[in-house]
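Structure, as structure tokens:
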Amino acid sequence: MDDRFLVDRVFTVIVVVIAIIAILPIFHIIAYITWRGLPIVIDNGLSFFTDVPAAVVAEKPGGIAPALAGTAFMTITATLIAVPLATLAAIFSVEYPNHVLTKAVRVTSRSLLEVATILIGMLIFVLLVLPTGRFTALAGSLALAIVMIPYVYTYAELALISVPKTYIEAAYALGMKRAQVIFYVTVRVARRGLARGIAIAVTKAMGETAPLLFTAFGARSVIFGGPFEPADALPLMVFQFIQTGYDNWRALAWGGAFTLLVLYLLLFIIARILVKEVRY
Amino acid sequence: MTPRRPLHDIIVFYSLALPASLIILILLLLLLSQLGVAIPVLGVQGISTYTTTVWRPSYEPPQQTIIWLPMLEPPERGAWYGLLPAIWGTLVSAITAIILGLTFTIALVVFIEEIAPRRVREVFSTIVDLMAGLPTVLYGVWGLAFLGPLLHRYFMDPVHSYLGIIPLFSCEPLSGATVFTAGVLLSIMITPFMVALVQESYRSIPFTLKEAAWSLGMTRFEYVRLNLSMILPSIASAILLGFGRASSETAAVTLVVGNAVNIGFCIFTPAYTISSLIANQFTESQDFPYMLNALFAGGLILLVIGLVVNSIGIILLRRVRF
């Protein structure tokens with residue numbers, strides 16, 4: 001019996017053990033955040049989602065309503081900005097594949113995917129917060145929109161390219177104009193793929209902390225002050241409150257982390273369902 | 001002669017080209033904003049901003065130095081903003097993350113592709129996707145409340161007391177918030193991203209090559225080693241792109257890295273990374289002359305590192321062709 005088979009056995013065992021170790025943390029993270037956060041949500045009941053954070057010395061920690069409202073507002077507005085922009089750019093890349101602009105957009109989008117998101121916050125700070133002299137929810141929306149754009153673009157391009165060429169040729173043969181082919185055929189056929197990209201981008205935007213630090217900044221005395229006032233967001237609130245020494249605020253951070261986890265899992269499942277059904 | 005394009009076609013072209021150009025404009029603005037705000041501090045502290053280790057905010061502005069001369073010690077008086085400790089912390093945490101993350105990545109790819117039965121394979125792929133998208137602040141709170149204390153008690157303390165003579169482990173870990181903890185947490189976060197890159201190349205190896213390897217009577221170990229050697233460029237690319245991810249992460253790192261201006265070879269010490277320095281000091285930086293500019297000088301180097309590492313990574317990725 002030669003050593004080769006012994007080496008092979010040992011190798012297999014090591015690989016299996018390390019692979020299992022590598023995925024253990026995610027289970028522990030889900031369990032741990034649920035263990036710390038769920039009791040807080042249950043203790044405070046519905047008011048956890050409808051109240052503003054209480055004072056640090058108060059008996060009850062209050063609620064996370066400003067974070068929920070801010071996340072809802074900024075994620076929705078960011079989606080409204082990013083989706084049309086990135087989808088049109090993706091249509092351009094697919095319609096004019098050899099154009100110089102196409103190559104430039106592809107490279108740019110790949111770079112934007114990897115840029116530290118805190119730098120996007122700094123950009124909006126310079127462009128919007130410094131000139132107007134105030135942190136605003138809208139600045140947060142813009143920062144999140146920039147975070148979303150490369151994700152929407154990448155998935156949209158993938159979805160649009162995989163539309164069968166025969167469909168498009170058939171549409172032209174019927175005498176449709178380019179705009180009609182794009183919007184009645186290409187986009188319609190690719191809609192599930194497009195929706196999946198949007199779901200992934202929304203997930204990303206909803207969970208981002210860094211771009212909001214210097215744009216939306218955080219505001220906790222009112223639920224939502226409007227687009228031109230500072231705003232809170234779930235990840236931002238968790239990030240800031242977990243670092244404080246106050247029991248009340250840390251309780252809100254854990255409850256908020258649990259809420260964010262549940263929202264993430266929901267969106268993850270939605271994106272899964274969408275990808276399962278992409279068939280032509 | 002080519003026929004003239006109809007008007008409606010031209011309209012379509014421009015209404016699509018406009019959003020496409022906007023995306024390019026965003027990246028340009030990113031670069032310009034970092035550079036533009038960084039220039040004033042670079043004009044005063046010069047290249048020494050990146051070579052000195054002193055971080056000393058003060059109302060008295062930094063003294064003018066020769067901007068092309070890299071110094072190791074800043075002037076005695078006035079404010080000074082040296083970014084070297086933050087750059088060092090970024091490198092150390094990202095390299096730790098890469099070493100661990102690459103181990104996880106190779107094991108996961110080999111397990112998913114070669115060892116696991118079909119059912120288990122799908123479960124693992126779903127889990128890896130789930131890890132990839134989890135909001136980073138959730139990794140952060142877990143790292144702060146659980147991973148940090150765990151590593152402190154069961155890894156850093158014992159390693160320090162038994163292997164303390166090695167410079168890497170020579171400083172006594174005072175809490176779980178260290179640059180090492182940040183590295184371990186980052187390794188968990190970048191693994192799914194690296195797995196996606198390596199797995200894609202691994203799957204692109206032609207079946208005929210794999211069949212030939214099996215037919216030579218190779219063991220699984222020899223077979224996997226051969227396969228991995230064929231996709232070396234994509235592994236190198238995963239290392240680079242993973243490094244880019246690790247160095248640019250903010251929320252999770254800020255929560256576990258300890259946030260102290262420290263530099264040295266010991267990894268059990270609290271430190272700053274560039275992004276955690278920015279996240280922590282941004283608000284107060286507007287009160288001191290040149291401090292905000294110094295933070296943008298940090299952002300600039302982060303952006304440049306990110307763009308360079310990415311470009312090389314993507315070029316390498318293209319080299320895996322069968």
Side-chain angles (χ1 to χ4, degrees), chain A residues 4-5 7-8 11-12 15-16 18-19 22-23 25-26 29 32-33 36 85 88-89 91-93 95 101 104-105 108-112 114-120 122-123 126-127 146 149 153 177-179 182 200 203-204 207 209-210 213-214 235 238-239 242-243 253 257 260-261 264 268, chain B residues 8-9 12-13 15-17 19-24 26-27 29-30 33-34 37 103-104 107-108 110-111 115 124 127-128 130-131 133-142 144-146 188 191 219-222 241 244-245 248 250-251 255 275 278-279 282 296 299 302-303 306-307 310 314:
Chain A
R4 289 171 59 217
F5 296 98
V7 170
D8 187 52
F11 167 75
T12 308
V15 165
V16 173
I18 297 178
I23 62 153
I26 186 70
I29 290 170
Y32 189 81
I33 290 175
R36 298 286 301 255
L85 201 73
L88 289 176
I91 294 173
F92 182 90
S93 310
E95 288 290 315
L101 196 54
V105 177
T108 311
S109 161
R110 288 217 73 147
S111 309
L112 277 179
E114 302 295 320
V115 160
T117 51
I118 195 166
L119 302 180
I120 294 171
M122 293 164 92
L123 168 70
V126 171
L127 286 185
I146 297 179
I149 283 172
Y153 172 85
K177 289 175 181 165
R178 192 159 203 150
I182 290 171
I200 287 170
T203 313
K204 207 76 206 162
T209 314
L213 286 170
F214 327 129
V238 172
F239 178 78
I242 199 79
Q243 296 184 77
L260 185 59
L261 178 70
Y264 168 66
F268 183 80
Chain B
H8 59 81
D9 217 57
V12 169
F13 177 84
S15 51
L16 294 177
S21 327
L22 262 174
I23 296 183
I24 298 169
I26 291 171
L27 188 68
L29 281 175
L30 257 170
S33 66
Q34 295 293 330
V37 184
T103 317
F104 292 150
L108 274 174
V110 172
F111 179 76
I115 297 175
F124 262 68
I127 293 168
V128 170
L130 187 70
M131 288 171 74
L134 191 76
T136 58
V137 72
L138 297 184
Y139 281 104
V141 293
W142 177 77
L144 179 74
F146 176 78
I188 299 167
T191 295
T219 64
R220 181 145 58 197
F221 169 64
E222 291 158 343
L241 294 174
R245 276 281 154 111
S248 58
T250 309
L255 290 177
S275 54
I278 297 171
F282 202 87
F296 273 79
L302 197 59
L303 185 62
L307 292 180
N310 264 304
I314 287 163

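Below, chain A is the first sequence line, B the second, and so on; all start at residue 1. Computed from a predicted structure; not experimentally measured.
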Report summary line: Residues at least two apart in sequence or cross-chain that pass side-chain contact (heavy atoms from CB on, under 4.5 Å) with A/Thr203, listed by chain then number, are A/Tyr264, A/Leu267

Chain A heavy atoms under 4.5 Å from [X]: which part of the residue, side chain, backbone, both or neither?
{"X": "B/Phe124", "result": "side chain"}
{"X": "B/Val37", "result": "side chain"}
{"X": "B/Ile188", "result": "side chain"}

Query - CA sep, side-chain torsions, deciding dist, call: B/Ile24, A/Leu101, side chain to side chain contact (heavy atoms under 4.5 Å, CB included) - result: CA-CA 9 Å; B/Ile24 298 169; A/Leu101 196 54; 3.5 Å; yes

Interface moiety of [X] toward chain B, non-hydrogen atoms closer than 4.5 Å:
{"X": "A/Leu119", "value": "both"}
{"X": "A/Phe11", "value": "side chain"}
{"X": "A/Leu85", "value": "both"}
{"X": "A/Phe239", "value": "both"}
{"X": "A/Ile182", "value": "side chain"}
{"X": "A/Ile29", "value": "both"}
{"X": "A/Ile149", "value": "side chain"}
{"X": "A/Val105", "value": "both"}

In terms of heavy-atom pairs under 4.5 Å with chain A, which of [options] leads?
{"options": "B/Leu302, B/Ile314, B/Leu144", "result": "B/Ile314"}
{"options": "B/Ser275, B/Gly299, B/Gly306, B/Ala251", "result": "B/Ala251"}
{"options": "B/Thr136, B/Leu138, B/Ile23", "result": "B/Leu138"}
{"options": "B/Asp9, B/Leu130, B/Val128", "result": "B/Leu130"}

Residue among [options] with most heavy-atom pairs under 4.5 Å to chain B:
{"options": "A/Leu261, A/Val7, A/Val238, A/Thr12", "result": "A/Thr12"}
{"options": "A/Asp8, A/Thr117, A/Val126", "result": "A/Asp8"}
{"options": "A/Ala253, A/Ser93, A/Gly207", "result": "A/Gly207"}
{"options": "A/Arg178, A/Lys204, A/Glu114", "result": "A/Glu114"}

Approximate separation, where rounding is to 0.5 Å, of [X] [atom1] and [Y] [atom2]:
{"X": "B/Thr191", "Y": "A/Ile23", "atom1": "OG1", "atom2": "CD1", "value": "11.5 Å"}
{"X": "A/Met122", "Y": "B/Ile278", "atom1": "CE", "atom2": "CD1", "value": "4.0 Å"}
{"X": "A/Ile33", "Y": "B/Leu134", "atom1": "CD1", "atom2": "CG", "value": "6.5 Å"}
{"X": "A/Ile118", "Y": "B/Leu303", "atom1": "CD1", "atom2": "CG", "value": "13.0 Å"}
{"X": "B/Ile127", "Y": "A/Ile26", "atom1": "CD1", "atom2": "CD1", "value": "9.0 Å"}
{"X": "B/Ile26", "Y": "A/Leu127", "atom1": "CD1", "atom2": "CG", "value": "10.0 Å"}

Query raised in the report: Would A/Val16 and B/Ile115 satisfy side chain to side chain contact (heavy atoms under 4.5 Å, CB included), going step by step from the backbone distance to the final call?
Result: CA-CA 8 Å; A/Val16 173; B/Ile115 297 175; 4.1 Å; yes

Quick check: closest heavy atoms across [X] and [Y], and the distance to 0.1 Å?
{"X": "B/Phe111", "Y": "A/Ala19", "answer": "CB-CB, 3.8 Å"}
{"X": "A/Ala179", "Y": "B/Val12", "answer": "CB-CG2, 3.6 Å"}
{"X": "B/Ala20", "Y": "A/Ala89", "answer": "CA-CB, 3.8 Å"}
{"X": "B/Leu29", "Y": "A/Leu123", "answer": "O-CD1, 3.5 Å"}
{"X": "A/Ala210", "Y": "B/Thr250", "answer": "CB-CB, 3.7 Å"}

Query raised in the report: In terms of the angle between their ring planes, are B/Phe282 and A/Phe214 parallel, tilted or perpendicular, with boundaries placed at 30° and 60°?
Result: parallel

Query - Residues, nucleotides or ligands: over 12 heavy atoms within 6.0 Å of A/Arg110 CZ - result: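 No - once you tally the heavy atoms of other residues, nucleotides and ligands closer than 6.0 Å, there are 12 at most.
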
Report task. For the pair A/Ile18 and B/Leu108, evaluate side chain to side chain contact (heavy atoms under 4.5 Å, CB included) and give the outcome as yes or no after the intermediate values. Result -> CA-CA 8 Å; A/Ile18 297 178; B/Leu108 274 174; over 6 Å; no

Query - Evaluation steps, side chain to side chain contact (heavy atoms under 4.5 Å, CB included), between B/Asn310 and A/Ser111 - result: CA-CA 7 Å; B/Asn310 264 304; A/Ser111 309; 5.7 Å; no

